[in-house]
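The structure is given below, and queries will be raised subsequently.
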Amino acid sequence: MGQFKMLIGGKLVDGAATIDVINPATEETIAPCPRASEAQLDDAVAAAKAAFPAWAATAIDARKQYLLKIADAIEANAGELARLQTQEQGKPLAASQGEVAGMAGFFRYFAGLDLPVKTIEESKARKVELHRKPLGVIGAIIPWNFPLLILAFKVPPALLAGNTVVVKPAPTTPLSALHFGEIVRDILPPGVLNIITDANDLGGALTKHPDVRKISFTGSTATGIKVMTSAADTLKRITLELGGNDAGIVLDDADPKKVAPGIFSGAFQNSGQVCIALKRLYVHESIYDEMCDELARLADSAVIGDGLEQGTQFGPLQNRMQFEKVQGFLEEGRRHGKVVAGGEVPERPGYFIRPTIVRDIAEGNRLVDEEQFGPVLPVIKFSDAEDALARANASPYGLGGSVWSSDPRRAYEFAVRMDSGSVWINQHMDVGPHIPFAGAKQSGVGVEFGEEGLAEFTQVQVVNMAL
Ligand code: NAD
């Protein structure tokens with residue numbers, strides 16, 4: 001494994017210290033990773049600030065060409081990026097390969113957008129135009145569940161709009177992002193993109209930094225609240241993509257055999273470590289037993305293992321802290337419900353928990369009421385669909401939700417009344433670069449993806465001319 005370095009001002013640099021990055025499937029160290037000092041964080045912000053005027057003045061068509069070159073470079077290095085992400089994150093290699101392709105897709109998508117001047121009014125007396133200008137230095141803070149893809153949610157729209165960026169990956173999954181930095185170093189002018197890595201200790205300094213104009217943050221609601229608080233002193237713009245506790249509602253006319261695979265994948269993809277995973281399932285009493293049996297059958301046949309091994313469908317939890325947290329949720333499931341599949345923590349190295357189905361459980365315990373962020377799904381019985389909808393909505397979170405039914409029009413009537421940023425019908429978790437993505441309630445502030453997401457990386461300027 002080569003040496004990993006940070007990218008600051010166009011240079012690959014060592015950290016002030018190092019941290020070890022662990023492979024969660026083996027618990028072995030993959031490689032040492034640089035750990036930035038606060039002075040190096042300041043260097044990265046200073047480099048981004050210095051690069052900003054020239055980058056902002058670069059024509060948008062030229063910036064698009066940079067994004068397309070980056071997409072080409074991602075594709076040319078896809079194998080190594082995917083392998084590295086699987087080693088540090090744990091997910092199956094095929095999933096990492098899909099994400100690296102998706103990453104290139106985000107760069108290409110944003111390279112196809114424009115920020116044209118809009119004429120608001122044109123009369124004999126005056127002309128009013130709306131311009132969208134870049135903000136300045138953007139701080140992009142990334143979690144550990146999709147280290148590369150989430151970087152690509154933020155960097156291309158920020159750069160397209162004319163901003164410069166300092167990326168801070170999560171400390172347990174920094175290597176793939178550092179490798180990405182090495183790949184794009186010779187493409188972008190120095191300082192336009194900087195990547196620094198920490199030991200979970202520099203987020204506060206980045207969000208407080210007076211020269212950072214906006215924070216684009218993805219992570220937990222608890223940390224999002226800290227970001228909002230520390231960004232307040234300098235009135236930074238913020239986009240927060242936070243936690244969720246997505247409900248799925250299975251109506252009485254759904255066919256359990258037909259919907260079970262979609263529900264299972266919506267709940268257990270990435271071993272449940274997805275913000276928009278289906279995290280509590282409400283099922284009508286008339287099909288409750290059959291639905292639990294179908295899900296248990298799928299859980300029993302799941303293949304867990306090292307993501308680099310052929311045939312692995314589900315990798316480990318990403319880090320020891322999350323592994324221990326999810327075991328606590330499992331214990332809650334045992335205490336308040338009945339485990340009908342999974343529930344084992346295999347005797348082997350690595351942070352593995354088998355996909356687990358918990359039935360005969362309702363609200364009033366942590367497994368149902370909080371975000372488990374792991375492979376343990378509570379299945380809750382209901383008799384009245386209106387009641388299920390009210391219970392689904394009675395959560396401080398509001399990221400996604402889904403309704404499952406043989407009659408999509410009936411499902412639609414329930415889906416649009418879910419209190420969440422995204423709702424799906426007979427599927428869960430479908431997202432794309434052109435589809436705006438937002439969290440309601442404590443699941444977030446602002447929007448990512450699409451033209452709405454791009455607009456959040458801009459400052460509105462109205463030009464009002466008397467004629
Ligand atoms: P986390 O909040 O612990 O960490 C996220 C990032 O914030 C890391 O890079 C971390 O180093 C950094 N950080 C830590 N302290 C900080 C501080 N005081 N100020 C600024 N940054 C700080 O989240 P996690 O455990 O890495 O990720 C899991 C969570 O992320 C889950 O809640 C999940 O639902 C959420 N998530 C949300 C989305 C979304 O789009 N809504 C997507 C993926 C994950």
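Counting starts at 1 for both ligands and their atoms, following the listed order. Given the structure is predicted, the values throughout are model-derived calculations rather than measurements.
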Side chains of Thr239 and Glu448, donor plus acceptor under 3.5 Å =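 Short answer, no.
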Taking atom 24 (P) of ligand 1 as the reference point, the nearest protein heavy atom with its distance |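 The protein heavy atom lying closest is Trp144 NE1, 3.4 Å.
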Qualifying residue for side-chain contact (heavy atoms from CB on, under 4.5 Å) with Pro375, from Thr356, Val326, Leu330, Ile304 =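 The passing option is Val326.
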Looking at Ser443 and Gly244, what are the two nearest heavy atoms and their distance?
->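 For Ser443 versus Gly244, the nearest heavy atoms are OG-CA, 3.9 Å.
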Proximal atoms of ligand 1 relative to Pro169 (non-hydrogen, under 4.0 Å) |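 Under 4.0 Å from Pro169, ligand 1 has these atoms: 9 (O).
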What is the ring orientation for Phe314 with Phe264, classed by angle as parallel under 30°, tilted 30 to 60°, or perpendicular over 60°?
->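 Because their plane-to-plane angle is over 60°, the rings of Phe314 and Phe264 count as perpendicular.
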Is the closest heavy-atom distance from Ile215 to ligand 1 below 4.0 Å?
->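 No heavy atom of Ile215 comes that close to ligand 1.
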To which of Gly219, Pro143, Ala170, Ala140 does the heavy atom nearest atom 30 (O) of ligand 1 belong?
->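 It is Gly219 that holds the nearest heavy atom.
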Would you mind reporting whether Leu242 and Phe217 have side-chain heavy atoms less than 4.5 Å apart?
->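 Of all side-chain heavy-atom pairs linking Leu242 with Phe217, at least one is under 4.5 Å.
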Determine, considering heavy atoms only, which of Thr221, Thr197, Thr223 sits nearest to atom 2 (O) of ligand 1.
->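 The residue whose heavy atom sits nearest atom 2 (O) of ligand 1 is Thr223.
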If you have a sec, work out which protein heavy atom is nearest atom 12 (C) of ligand 1 and how many Å separate them, to one decimal?
->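 Here the closest protein heavy atom is Ile141 CG2, 3.7 Å.
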Report the nearest protein non-hydrogen atom to atom 33 (C) of ligand 1: residue, atom name, distance rounded to 0.1 Å.
->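 Checked against all protein heavy atoms, atom 33 (C) of ligand 1 sits closest to Phe373 CE1, 3.3 Å.
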Taking the six-membered ring for Trp and the full ring for Phe, Tyr or His, determine whether the centres of Phe449 and Phe437 are under 6.0 Å apart.
->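 For Phe449 and Phe437, the ring centres are under 6.0 Å apart.
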Atoms of ligand 1, numbered as shown, that sit under 4.0 Å from any heavy atom of Asn145 =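 So the atoms of ligand 1 that pass are 43 (C), 44 (C).
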Any chance CZ of Arg83 has more than 12 other-residue heavy atoms, nucleotides or ligands included, within less than 6.0 Å?
->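 Counting neighbours around CZ of Arg83, 12 or fewer heavy atoms of other residues, nucleotides or ligands fall under 6.0 Å, so no.
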Of all the atoms in ligand 1, which lie at a distance below 4.0 Å from a heavy atom belonging to Lys226?
->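 Once the distances to Lys226 are compared, the set is 18 (N).
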What protein heavy atom sits nearest atom 23 (O) of ligand 1, and how far off is it?
->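 Its nearest protein heavy-atom neighbour is Ser220 N, 3.4 Å.
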Taking atom 19 (N) of ligand 1 as the reference point, the nearest protein heavy atom with its distance |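 The protein heavy atom lying closest is Gly203 C, 3.4 Å.
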Counting from 1, what ligand 1 atoms have a heavy atom of Gly204 closer than 4.0 Å?
->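 So the atoms of ligand 1 that pass are 17 (C), 19 (N).
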Under 4.0 Å from any heavy atom of Pro171, which atoms of ligand 1 are there?
->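 Result: 11 (O).
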Any idea which part of Glu448 is under 4.0 Å from ligand 1, heavy-atom wise: side chain, backbone, both or neither?
->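 Contact part for Glu448 vs ligand 1: neither.
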Options Cys275, Gly139, Gly421, Ala438, ranked by nearest heavy atom to atom 39 (C) of ligand 1, top entry |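 It is Cys275 whose heavy atom sits nearest to atom 39 (C) of ligand 1.
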Could you tell me whether ligand 1 has any atom less than 4.0 Å away from a heavy atom of Phe217?
->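 It does; at least one heavy atom falls under 4.0 Å.
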